[in-house]
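Chain identifiers are assigned alphabetically (A, B, ...) following the order of the sequence lines, protein sequences preceding nucleic acid strands; residue numbering begins at 1 within each chain. As the structure is a prediction and not an experimental result, all values here were calculated from the model.
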Amino acid sequence: MREIPKTYDQSKETDIYQLWESSGFFNPDNLSGKPFTIMMPPPNATGTLHIGHAFETSIQDILIRYHRMKGEKTLWLPGTDHAAIATNTKVEKILIKETGKNRHDIGREAFVKKVEEFVEKSRGTIQQQLRTVGASADWSREAFTFDEPRNLAIRTAFKKMFEAGLIYRGIRVINWDPKGQTSVSDDEVVHKSEKAQLYTFKYSKDFPIAIATTRPETKVGDVAVAVHPADVRYKKFVGQEFKVNFAGADLNIKIVADESVDPEFGTGAVGVTPAHSMADFDIAQRHNLPAPQVINEFAKMTDTAGSLIAGKKTKEAREIIVAWLTEQGLLEKTEAIDINLATAERSGGTIEPLPKLQWFVNVNKAVAERSGKTLKELMRDAVASGKIKILPERFEKTYFHWIDNLRDWNISRQLWYGHRIPVWYKGEEIYSGIEEPEGSGWSQDEDTLDTWFSSALWTFSTLGWPNETADLKTFHPTDVMAPGYEILFFWVARMILMSTFLLDDVPFKTVYLHGIVRDIQGKKFSKSLDNGIDPVEVIKQYGADALRMGLVVGVGAGNDSKYDQMKVKGYRNFANKIWNAARFVMQNTQDMTPSNSPLKGGEKKNPPPFKEGLGEVKLTPEDQAILYELNQLLAKTTIQMDNFDFAHAAENLYHYFWHTFADKILEESKVKLANEKTKASAQLMLKTILETSLKLLHPFMPFVTETIWQLDHKDLLMIEKWPRLR
RNA sequence: GGGUGAUUAGCUCAGUGGUAGAGCGACUGCUUUACACGCAGUAGGUCGUAGGUUCAAUCCCUACAUCACCCACCA
């Protein structure tokens, strides 16, 4: 028997990974049984993995390894997301920093090339990092949201939705990000609480009604004043029109009655600026009013804004208007209030509502092929019917609330890195198709698609859809999706939308949402705080098993957690404990005869944790009790695994292994091993408990358990069968 | 404005209708035929506040407080 080192050496983890990967068992083609599928939420191809990814990867790998051991045909399909807006922003930032030029300076083609180089490098890093964590993913099926098979899926999806009338083009007031120079969807808008001044004033001295606003500069775009129909103060003015000169702009203000006005707020009268407020745009639509644009894409006032402020930035224009109002004696009141300022999630720029021609997904249109249901209803039904289970359950409520308030989804972006909208124009003609139409003179839409449009197809675009592949038949719908709760709307909901419409099926059966890993003070990891932790560094120091346990134990579904290095260190110690217990067992069971080995012969395929009357070995009642306890542990662990309760499963295994097996059973065996009469049964007990424990621990701590297993087995622990209940 | 989660030992978190647990840390001993990344042991909590239900509440109900988060076109 060779010497076994005193301390577990986690630097050998890469060898073990190599062993697994080259075995081919990450690939379900080499496995049998019922399919079990998880699509990896594709990390953004913009950077490197952080500790949160390590957590997410651990959860999925635990699930996958457990199901693989249960004898299922497990597919864990990895990939990366081109993350259009994030990548576009990031690379442009680097470009500006390095050369002082922005994307417009170097042109579309050169810019996209630059992004692609960046992404290629980044993707390689991510793949390596996932391997380091121990991800037993099928690399042969790896996908990228921007590769050719996925492009085909995206163009096909667009075409089908366009033909079903679910995608339309129209002028709407959308969220414009002047900093990022693109529109963004409602979900990409982040509201930030800010102090602002609420100004109350009249357009002119002889105007009868005072209005209140925090943005006086937009008032040069007003076309009406809306009041509540029942408001007696203003009833007599409804229907009247006033011509006023407001700060150098000639306005035609009509007094309209609209239910949406709250008579209690401010003066109870709203200055209606259709082009720069979604609410006002709606009012204007109801009353057939025009929508003059007074702010442009760069958040500067247009010529329509009047002589006083045309060409000025909005902030500057505001000051000018306020000064003008004061000078004219029109300002009645200024009060400080708290407002929720809309900002763009990615760039941080202040959102400027602008009327623009954009592409939208209609969520309220009845779909004939889906029994007349709207996309909204399809999304709601998928969860309400129980076909999709969201864990923890409380998020189902959040999901329904989001759906109920959902408006049409703006899917066009004025970015360069992304999927071009598959629509071509020639004069008045418009064509949507998978390929560019025949003939010359067609020009493709300049816009690109929201990145979430492509990731929404992820569960089936990765399986070869729109082709009817064998993979698609075998692995869709997938079993589990395990993203963070923060992308429930962005991604999970959109996957349900796409899958229910395009495939008439759910994309997954269970959504297991995890929380955010924060730093020890409870702060989010962020570049600006510079509190990021590189999982690869932690793994170098303590091993991947220790990191996985440190992230998983004590963290319930959907709960945020704090990353604690000391905890990881504790599980490094545990890995060493396992190693040494195994070392002890091996040193003391070398002379076991094959007949009393718990894993002999035909039991190989699906062995129970122990067998009665193995060989000539007689078990004492005490041994029976110990085996009973082991059986209880197995039963409990299995239930916990099936219930996604990894935190407790791992904790119980830890406790059993250390404080029951190592502290008691193993200690007490020392006397028995020294006595020839009790030696054989003690050996059998040790070996049985160790091997069962290694199997139960494997999904959580794959490296140390496999390393030990390899010391005296030819086959991989990774594909050993999960112990059977007695 | 609506909603969700949290509040238990110094720290991080479990937990149950019958007067509380783990890991880490602290402290005290230990080179005991695997492990000092170890072993044996000790101390430490009016389970956020106020009511209510109950024979009995940390756990159920109702308020409130503090913290965190999500949603929302009050101009």
Side-chain angles (χ1 to χ4, degrees), chain A residues 4-8 10 173 175 186-187 189-191 196 198-200 211-216 218-219 222 225-226 260-273 276-283 337 339-340 342 351 353 392 394-395 397-402 404-405 407 485-486 488-489 515-516 518 520-524 542-543 546 549-550 553-556 558-588 645 647-648 651-652 654-655 658-659 662-663 666-667 669-671 673-674 686 690:
Chain A
I4 304 172
K6 249 173 106 163
T7 309
Y8 170 60
Q10 68 262 10
V173 174
N175 307 300
D186 295 343
D187 294 286
V189 176
V190 183
H191 294 278
L198 181 70
Y199 303 97
T200 305
I211 54 159
T213 184
T214 54
R215 299 199 59 190
T218 64
K219 298 290 105 182
D222 281 15
V225 165
S260 70
V261 180
D262 176 3
E264 301 296 316
F265 187 86
T267 61
V270 184
V272 181
T273 322
H276 302 288
S277 152
M278 289 171 205
D280 291 7
F281 186 81
D282 291 345
I283 295 175
I337 60 162
I339 55 153
N340 288 318
I351 293 292
R394 67 184 129 95
F395 284 103
K397 209 171 154 183
T398 319
Y399 174 81
F400 291 135
H401 183 258
W402 179 81
D404 293 341
N405 291 294
R407 298 186 298 177
Y485 63 73
E486 76 275 11
L488 177 62
F489 307 141
I516 296 165
R518 298 165 179 277
I520 196 72
Q521 270 123 27
K523 292 201 184 89
K524 258 184 162 176
Y542 296 117
M549 287 291 279
V553 177
V555 181
N559 287 352
D560 289 356
S561 57
K562 292 179 186 177
Y563 172 77
D564 183 356
Q565 187 102 329
M566 291 311 286
K567 205 168 151 189
V568 176
K569 189 179 167 187
Y571 290 110
R572 187 276 313 263
N573 295 351
F574 180 51
N576 192 238
K577 189 75 186 177
I578 301 171
W579 179 256
N580 275 289
R583 191 165 157 245
F584 177 87
V585 173
M586 284 179 193
Q587 283 165 355
N588 287 286
D645 189 5
H648 286 116
E651 199 176 343
N652 287 334
Y654 171 93
H655 196 267
W658 200 314
H659 300 297
D663 288 351
L666 192 146
E667 284 304 322
S669 78
K670 285 176 182 173
V671 182
L673 288 167
L686 288 175
L690 175 68

Any donor-acceptor pair under 3.5 Å linking the side chain of [X] with the backbone of [Y]?
X        : Y        : value
A:Lys524 : A:Ile516 : no
A:Asn559 : A:Val555 : no
A:Arg583 : A:Ile4   : yes

(request) Please state whether the base of B:rA72 and the side chain of A:Asn340 form at least one donor-acceptor pair under 3.5 Å? (result) yes
Does a nitrogen or oxygen in the side chain of [X] sit under 4.0 Å from OP1 or OP2 of [N]?
X        : N      : answer
A:Asn652 : B:rG15 : no
A:His401 : B:rU4  : no
A:Asn573 : B:rG38 : yes
A:Trp402 : B:rG2  : no
A:Lys562 : B:rU12 : yes
A:Lys577 : B:rC39 : yes

Classify [X] by what it touches in the nucleic acid, base, sugar-phosphate, or nothing, heavy-atom distance under 4.0 Å.
X        : result
A:Leu198 : nothing
A:Tyr654 : sugar-phosphate
A:Thr7   : base
A:Glu667 : base
A:Lys569 : nothing
A:Val261 : base
A:Asp564 : nothing
A:Ala674 : nothing
A:His655 : nothing
A:His276 : nothing
A:Arg572 : base
A:Asp280 : nothing
A:Gly554 : sugar-phosphate

Please report, rounded to the nearest Å, how far the [atom2] atom of [N] is from the [atom1] atom of [X].
X        : N      : atom1 : atom2 : value
A:Met566 : B:rG10 : CE    : P     : 18 Å
A:Phe584 : B:rG38 : CZ    : C1'   : 15 Å
A:Phe489 : B:rC71 : CZ    : P     : 6 Å
A:Arg518 : B:rA68 : CZ    : C1'   : 7 Å
A:Arg215 : B:rC73 : CZ    : C1'   : 13 Å
A:Lys523 : B:rC69 : NZ    : P     : 12 Å
A:Ile283 : B:rC74 : CD1   : C1'   : 11 Å
A:Ile339 : B:rA72 : CD1   : P     : 16 Å

Between [N] and [M], how far apart are the two [atom1] atoms, rounded to whole Å?
N      : M      : atom1 : answer
B:rG44 : B:rA9  : P     : 15 Å
B:rA6  : B:rA14 : C1'   : 14 Å
B:rC24 : B:rG38 : C1'   : 16 Å
B:rC59 : B:rC30 : P     : 45 Å
B:rC60 : B:rU16 : P     : 10 Å
B:rA22 : B:rA43 : P     : 12 Å
B:rU8  : B:rC13 : C1'   : 10 Å
B:rU46 : B:rC11 : P     : 13 Å

(request) Given side-chain contact (heavy atoms from CB on, under 4.5 Å), test A:Thr7 with A:Trp579 step by step and report yes or no. (result) CA-CA 7 Å; A:Thr7 309; A:Trp579 179 256; 5.7 Å; no
(request) Please step through side chain to side chain donor-acceptor pair (under 3.5 Å) for the pair A:Tyr8 and A:Gln10, ending with a clear verdict. (result) CA-CA 6 Å; A:Tyr8 170 60; A:Gln10 68 262 10; over 6 Å; no
(request) Using the six-membered ring wherever Trp is involved, compare the ring planes of A:His659 and A:Tyr654 and label them parallel, tilted or perpendicular (cut-offs 30° and 60°). (result) perpendicular
(message) Let's see if you can work this out: which of B:rC73, B:rC35, B:rG5 has an atom nearest to the side-chain heavy atoms of A:Arg407?
(response) B:rC73
(message) The side chain of A:Thr398 is closest to which nucleotide in this list: B:rA34, B:rC70, B:rC73?
(response) B:rC70
(message) Would you say the ring centers of A:Tyr542 and A:Tyr571 fall short of 6.0 Å from each other?
(response) no
(request) Between A:Val555 and A:Ser277, just flag the one whose closest nucleotide in RNA chain B comes earlier from the 5' side. (result) A:Val555
(request) With RNA chain B as reference, determine whether A:Trp658 or A:Gly271 sits nearer its 5' end, using the nearest nucleotide of each. (result) A:Trp658
(message) With side chain to side chain contact (heavy atoms under 4.5 Å, CB included) as the test, pick out the partner of A:Val272 among A:Val261, A:Asp222, A:Asp280, A:Val225.
(response) A:Asp280
What does [N] pair with, Watson-Crick or G-U, if both distances are under 3.5 Å?
N      : result
B:rU62 : B:rA50
B:rA68 : B:rU4
B:rC11 : B:rG23
B:rA40 : B:rU28

(message) Quick check with a 6.0 Å cut-off and a 45 degree axis cone: is A:Lys670 positioned over the face of A:Phe584's six-membered ring?
(response) yes
